[in-house]
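Input: a single structure, listed below in structure tokens.
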There are 2 protein chains.
Amino acid sequence: MGTTGKRPILRDIAARVGVSETAASFALNGRPGISDETRRRVLEVVEEMGWRPSYAARVLSGARSRTIGMVLTRTAATADSDLFFMRLMTGMQSVLRRAQYGLLIQVAETPEEEVEVYRTWQAERRVDGVVLVDLRADDPRPRAVVDLDLPAVLAGGPDPDALVPSVSIDDTAAMTLVLDHVRELGHRRVAYVCGPQDLLHVQRRVEAFDEAVRHHRLQQGSVLGTDFTSRSAAAATRAVLDDPAPPTAIICDNEVLAVSVVATLRALGRSIPGDVAVISCEDTPVCTAMQPALTALHRDTPGFGADVAAHLLGRLDGEAPADSQEQTPELVVRGSTVPAPA
Amino acid sequence: MGTTGKRPILRDIAARVGVSETAASFALNGRPGISDETRRRVLEVVEEMGWRPSYAARVLSGARSRTIGMVLTRTAATADSDLFFMRLMTGMQSVLRRAQYGLLIQVAETPEEEVEVYRTWQAERRVDGVVLVDLRADDPRPRAVVDLDLPAVLAGGPDPDALVPSVSIDDTAAMTLVLDHVRELGHRRVAYVCGPQDLLHVQRRVEAFDEAVRHHRLQQGSVLGTDFTSRSAAAATRAVLDDPAPPTAIICDNEVLAVSVVATLRALGRSIPGDVAVISCEDTPVCTAMQPALTALHRDTPGFGADVAAHLLGRLDGEAPADSQEQTPELVVRGSTVPAPA
DNA sequence: CTGAAAGCGCTTACAG
DNA sequence: CTGAAAGCGCTTACAG
């Protein structure tokens, strides 16, 4: 038993004020033709009776659902991508909240299941738009949302087929930043421990890495694929250190990989950064807590989420689809590449 | 322009089949009084025309919203709690998805703002129930959801006022597990680096720790509060090691604190586990990637989320409110407390 | 400036 | 076994 009696409806408000339901509705929605006095009284009674519009009724009579959907397809889930999602969501919320939008979350197991969720959401008119993440090669999702007429924005693009507008991070520039730092320190043999290459953002980074290696004629530039697990990163590290000319710097796609690489190097008797420098392409609290702290690419993921949400809301308000670009992440140099002055 | 024409409504289905809208509705909702043949034809045409019920229309005519709400209040946000939330959400989804429920997420900045979100959700009939997390001392939320008549379940309880049923982890048993392990290894001086003590689950662990220290007459049992940041954990570690009889084992509330404690110990020239053993009360990929790997309390957070969701759905189906208890986390012993045999 | 009426797309008593 | 009608709680042309 709550303290609330029966929930008031608009009719109750109108009756209490002594006007028609139409008048009350107009007053609330700021439409013309209502005297200031009436408007004031309506708002007063609404406040007094604690009325709030029924969401379903509003949507049924044509209003937007004021909900954005996001599906997380948990293939290769990692702690690191979990962090990324949380930050993305938090950032999106900062914008959505102001616009009175909610965020509907669904977890799927395959891209096909994810597409099915979009189909349902659109058919039910349950969301106004969706945010796509982790695009892969030959991903069915952009085509699907276009066919469904479901407004969408890609968080981390671009979409190679240009079907869905995106908010992108310049992966090439980010990788260049890392390699410039490494080269300036004099390293000529560099390895890159990356994630699964069917992820387009991994692909872009690998291409940028390869390109830089060629351009600067580095002596070594191995790309070591992993499935984002510590185990695979450890195996990759052991393998590459067997090389007669092993790398003196190792770039890691994220923090979990970096922590594993560091541990493996130590187990093999290598010191950091003395023997091998290590860089993480993702900055998390663990990077600063380690000893030495990890040099890392730092990006403002909540800010990224905010931009993604703003972009999508803009589209819903009729803005033309357009790709936008985030600021390049910044490189935070720490002890894993440059020893602290004694 | 999608490939879809106009979205069909139930009337179109009924017309196509040649029955009344009522008949079509009854057929779809498995109500009696419809011939098998009619039912079959309705389902056939629904499939053929790709009809799905309008969410808003259904809710407006009395159906449940089939949505569960969860508000994250980001006071003292840490990477670790982000991981926890993601896993909780993922686990909840595994149950919600099967029940055709969605999860609506909102981020708030204060408990008061969180309560306001509940008020709005309930007034709009936007969710059927909510999941509460991170209860604090004198938390306004249990009272609020009760007053709002909003079904709720507390993830990680119990609620001291018993207003809201909970799914709990036995924090006392978990802490006992850790201390038993540490005592078996012969440690008599133990410190506990914990989170903010206004969090009830932290409070419960601290009490269990204190109790065990008294009961087993340990020589030292310092509780070191932190705000969950690496910085505060480092400071706490330095401080306690200045003690004339410093701890030989340090228990940490989570992985971020543990990583920081390990780094600080190393910086002070202490070896792990030789000089000091370290335990994390939260197991994440970083715990296994470190060298030595961290002994940690491992719990099945997705499973916990699944139980929480099932509990809430049960309440919505009329089950009596009841507290339930999760399995005690298990202790995974690794190199940070016991050196690997050479 | 305001009111009576229809409509959004379902569900569900109530008659037949 | 089936149909006509009312209702959920809003919004919005359309008359006055």
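Letters A, B, ... mirror the listed sequences (proteins, then strands); counts begin at 1. Because the structure is predicted, anything quoted here is derived from the model rather than measured.
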Problem set entry | Note: B:R52-A:E116 ion pair, threshold 4.0 Å (strictly below) | yes

Exercise. OP1 or OP2 of D:dG9 less than 4.0 angstrom from a side-chain nitrogen or oxygen of A:R11, does that happen here?
Worked result: no

Problem set entry | d(CG, A:D12; C1', D:dC8) in whole Å | 14 Å

Problem set entry | Any B:R58 side-chain nitrogen or oxygen under 4.0 Å from OP1 or OP2 of C:dT11 | yes

Exercise. Would you say the side-chain atoms of B:S35 and B:T38 include a donor-acceptor pair closer than 3.5 Å?
Worked result: yes

Seminar exercise, completed: When rounded to whole Å, the CG to P distance for the pair A:L28 and D:dC10 reads 10 Å

Problem set entry | Atom pair distance, as rounded to whole Å: CZ in B:R66 and C1' in C:dC10 | 13 Å

Problem set entry | Between D:dC14 (P) and A:R31 (CZ): distance, integer Å | 12 Å

For this session: Could you identify which residues of residues 32-49 of chain A place a heavy atom less than 4.0 Å from some atom of DNA chain C, listed by residue number, or say none?
Result: A:G33, A:I34, A:S35, A:T38

For this session: Under a 3.5 Å limit for both distances, which nucleotide forms a Watson-Crick or G-U wobble pair with C:dG3, could you say?
Result: D:dC14

Exercise. Taking only N and O in the side chain of B:S20, is any of them less than 4.0 Å away from OP1 or OP2 of D:dT2?
Worked result: no

For this session: Output yes when at least one side-chain N/O atom of B:S61 is less than 4.0 Å from OP1 or OP2 of C:dC10, else no.
Result: no

For this session: Measure from the side-chain heavy atoms of B:E21 and tell me the nearest of D:dG9, C:dT11, C:dG3.
Result: C:dT11

Exercise. Do you know the tightest heavy-atom contact between B:S166 and B:P158?
Worked result: OG-CA, 3.4 Å

Problem set entry | Cationic N near anionic O, under 4.0 Å, A:R97 to B:E109 | yes

Problem set entry | Considering all heavy atoms, the nearest B:R143-B:L163 contact | N-CD1, 3.7 Å

Exercise. Any ion pair linking A:D147 and A:R119 (charged N to carboxylate O, less than 4.0 Å)?
Worked result: no

Exercise. Between A:E44 and A:R16, does at least one N-O distance fall below 4.0 Å, as a salt bridge requires?
Worked result: no

For this session: Whole angstrom is fine here: how far is it from CG in B:L10 over to P in C:dT11?
Result: 7 Å

For this session: Determine whether any donor atom in the side chain of B:T22 lies under 3.5 Å from an acceptor atom in the base of D:dA4, or the reverse, and answer yes or no.
Result: yes

Problem set entry | Rounded interatomic separation in angstrom, taking CZ from A:R125 and C1' from C:dC8 | 12 Å

Exercise. Nearest-Å distance, CD1 (A:I13) to C1' (D:dG9)?
Worked result: 12 Å

Problem set entry | Residue closer to the 5' end of DNA chain D, B:F26 versus B:L60 (nearest nucleotide) | B:F26

For this session: Scan A:S54 against the nucleic acid and name what it touches under 4.0 Å (heavy atoms): base, sugar-phosphate only, or nothing.
Result: sugar-phosphate

Exercise. So does B:W51 get a side-chain nitrogen or oxygen closer than 4.0 Å to the phosphate oxygens (OP1/OP2) of C:dC10?
Worked result: yes

Seminar exercise, completed: In whole angstroms, the gap separating C1' of D:dC10 from CZ of A:R7 amounts to 11 Å

Exercise. Does A:Q100 offer a backbone N or O that forms a donor-acceptor pair with the side chain of A:R66 under 3.5 Å?
Worked result: yes

